[in-house]
Amino acid sequence: MKKIAMFLLSLQIVLPAVFANEPSWQRLTAPATDLRAILTDPKNPDIILIGAKDGVFKSCDGGKTWKMILNLPHRNKGVNVISFAEDGKSLYIATACGLYFSADDGRSFKRVFQGRNYLEEDCAVVLVLQETVFIGTRGGLFFRRKNAGNWDRGEGRFSKENILAVSGSRRKDDAVYIVSVSGVFKGPQERETWERIFVSVPKENEELEEVPDDMRDGESQSSKIRDVVVDAQKTGVLYLGTLKGVYKSLDQGSSWLKLTDYGLLTRAVDKLFLSPKGELYAVTKSGIFVYKEDRWFEVSLGLAAKEVRGLAWDNHGNIYTVTDSGLFRWSGYTYRGREDSKDTLNLCPNNEPSIRNVQEKAAHYAEVEPQKIISWRKKAAMKAWLPKLTAGVNRNTTDLWHWEGGTTTKADDDVLRRGRDSVEWDVSLSWDLGGLIWSDDQTNIDVRSRLMVELRDDILDEVTKVYFERLRVKADLDELALEDRKKRADKELRIAELTASLDALTDGYFSRELKSPPISNER
């Protein structure tokens with residue numbers, strides 16, 4: 001039964017690579033360089049807005065032609081975020097020189113927030129809810145109620161800190177989450193009080209650390225927690241992107257579960273996105289990854305870019321991304337034929353050990369083979385035939401000292417004398433023939449057997465995941481172009497890391513079995 005489960009798990013990991021090719025990215029003509037942000041109209045797939053260093057551009061024909069709708073000052077450092085208001089037509093543009101607003105679908109703009117200094121002027125994020133608009137700047141958090149004229153500063157220890165992310169849903173009862181350099185904060189939409197949930201990223205297999213308010217803040221915290229997103233389709237569900245991976249909460253941040261790192265080339269996640277279908281996407285320095293079937297799949301293979309700065313979706317399932325190399329669109333997977341599928345299923349070359357051999361070596365190295373339990377049961381049954389040997393030694397001191405008696409003519413009469421020692425010993429043999437039918441050792445073996453089976457399953461599960469993850473990364477490496485050096489280096493480093501993990505589980509067996517391919521005599 002265990003072998004069948006392992007086989008099904010292997011198919012689950014390999015089949016996505018069998019039936020689907022890597023994503024096909026198409027470069028679109030962009031009206032500017034150094035793109036920073038992107039927004040698509042969920043109702044009209046032909047409308048695309050992109051933010052650049054000079055301003056905001058709009059396309060009404062799917063990216064074929066563009067028109068500038070916001071021209072920023074030359075001293076500006078660019079657009080950070082583009083967001084629709086609740087009506088789906090009004091626009092908020094967060095830039096390095098303040099927040100701009102358009103009530104007429106981008107035909108005219110007005111700067112509605114500027115800040116008192118250059119830190120407050122740099123608006124990094126904007127969140128538009130039903131009753132409130134939140135903006136995060138390098139100088140703190142600001143918000144404004146609906147129809148109010150003035151902006152209020154958020155209260156709390158993050159009020160003047162660099163705000164890295166703001167997220168929430170448009171449900172009125174949901175909380176708003178703020179990521180600053182001193183941690184993550186949670187607060188309701190209808191008031192200005194905030195509660196700091198935690199500061200630092202937890203260690204492996206530990207819950208996120210709750211901290212008191214008097215803990216020391218530091219700029220180093222900004223490099224640990226990078227982003228937070230709230231699932232608008234599921235109440236109470238939110239995700240954290242950190243340097244240690246991605247964490248998920250089902251109860252508005254009260255408890256956290258770390259998602260697996262399998263499939264990620266690096267644990268450092270810079271940005272998180274949720275697609276209209278509720279799929280979780282993570283952006284790292286190595287590319288774009290989607291979380292499916294309890295693992296990550298890279299969707300940025302073939303994307304000629306070093307830095308991904310934004311993602312957006314239309315209602316046709318297309319993904320748009322702005323990068324340091326321009327604007328790209330992905331229309332989904334293309335399917336392979338039978339010949340390609342056969343090649344994918346034979347990913348393991350002849351010069352590498354099979355998954356079965358690696359599993360056997362891992363079980364042997366951890367001493368969790370099934371034969372060990374069988375041997376214990378046989379020896380426990382033979383124990384009843386062996387007698388129980390007992391031996392004893394006793395020293396009798398009753399007559400050790402005595403009075404010398406006799407006639408009165410002897411000189412030694414009535415003298416206390418020491419006699420000889422009296423030593424007693426015995427040997428006995430006994431059999432408990434009831435042990436041939438049942439003994440307490442069998443119960444102890446049953447307990448140890450259950451624990452060993454659980455440990456073996458964990459080890460084999462780990463080996464299987466790492467093994468097939470390595471095969472998938474090798475397949476991804478074969479798909480890359482030779483000129484894509486950055487991604488090739490990341491893939492090769494990931495293969496080396498997975499190989500080291502297999503060596504740690506098998507006492508170096510995997511690397512020892514790796515044979516060099518035969519050298520061809522052809523020239």
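Legend: salt bridge (charged side-chain N to carboxylate O under 4.0 Å, His left out) pairs involving residues 227-239, not counting sequence neighbours: none detected.
Side-chain contact between Leu264 and Thr266: absent, with no pair of heavy atoms (C-beta onward) separated by less than 4.5 Å. Side-chain contact between Thr499 and Ser511 is present, with heavy atoms from C-beta onward closer than 4.5 Å. Counting heavy atoms from C-beta on, the side chains of Arg470 and Leu502 come closer than 4.5 Å. Contact annotation: the side chain of Gln252 approaches that of Tyr177 to within less than 4.5 Å [non-hydrogen atoms, C-beta and beyond].
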Original post:
Under the side-chain contact (heavy atoms from CB on, under 4.5 Å) criterion, do Lys258 and Val246 qualify, and how do the steps go?
Top reply: CA-CA 6 Å; Lys258 187 176 185 299; Val246 180; over 6 Å; no
**OP:** Output, in order, the C-alpha distance, side-chain angles, deciding distance and verdict of salt bridge (Lys or Arg N to Asp or Glu O under 4.0 Å) for Arg456 and Asp458.
**Re:** CA-CA 5 Å; Arg456 181 169 63 248; Asp458 292 340; over 6 Å; no
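Here Asn162 contributes atom CG and Leu141 contributes atom CG; the two are 11.5 Å apart, rounded to the nearest 0.5 Å. The CG atom of Asn318 lies 9.5 Å from the OG1 atom of Thr40; values are rounded to the nearest 0.5 Å.
When only modelled atom types and interatomic distance are considered, Glu307 and Thr323 share no side-chain donor-acceptor pair under 3.5 Å. Defined by atom type and a distance below 3.5 Å, a donor-acceptor pair is missing between the side-chain atoms of Thr242 and Arg226. For the residue pair Asp503/Ser501, the side-chain donor-acceptor check at 3.5 Å is not satisfied.
For Lys186, the NZ atom sits in a packed shell: over 12 heavy atoms of surrounding residues, nucleotides or ligands are nearer than 6.0 Å. Atom CZ of Phe84 is surrounded by more than 12 heavy atoms from other residues, nucleotides or ligands within 6.0 Å.
Within the cation-pi definition used here (under 6.0 Å to the ring centroid, within 45° of the axis), Arg295 qualifies as a partner of Phe297.
The ring pair (Phe, Tyr, Trp, His ring centres under 6.0 Å) check on Phe289 picks up nothing, with sequence neighbours excluded.
The ring pair (Phe, Tyr, Trp, His ring centres under 6.0 Å) test with Tyr281 is passed by exactly one of Tyr291, Tyr239, Trp313: Trp313.
Between Phe143 and Phe134, the ring-plane angle classifies as tilted under the 30° and 60° cut-offs.
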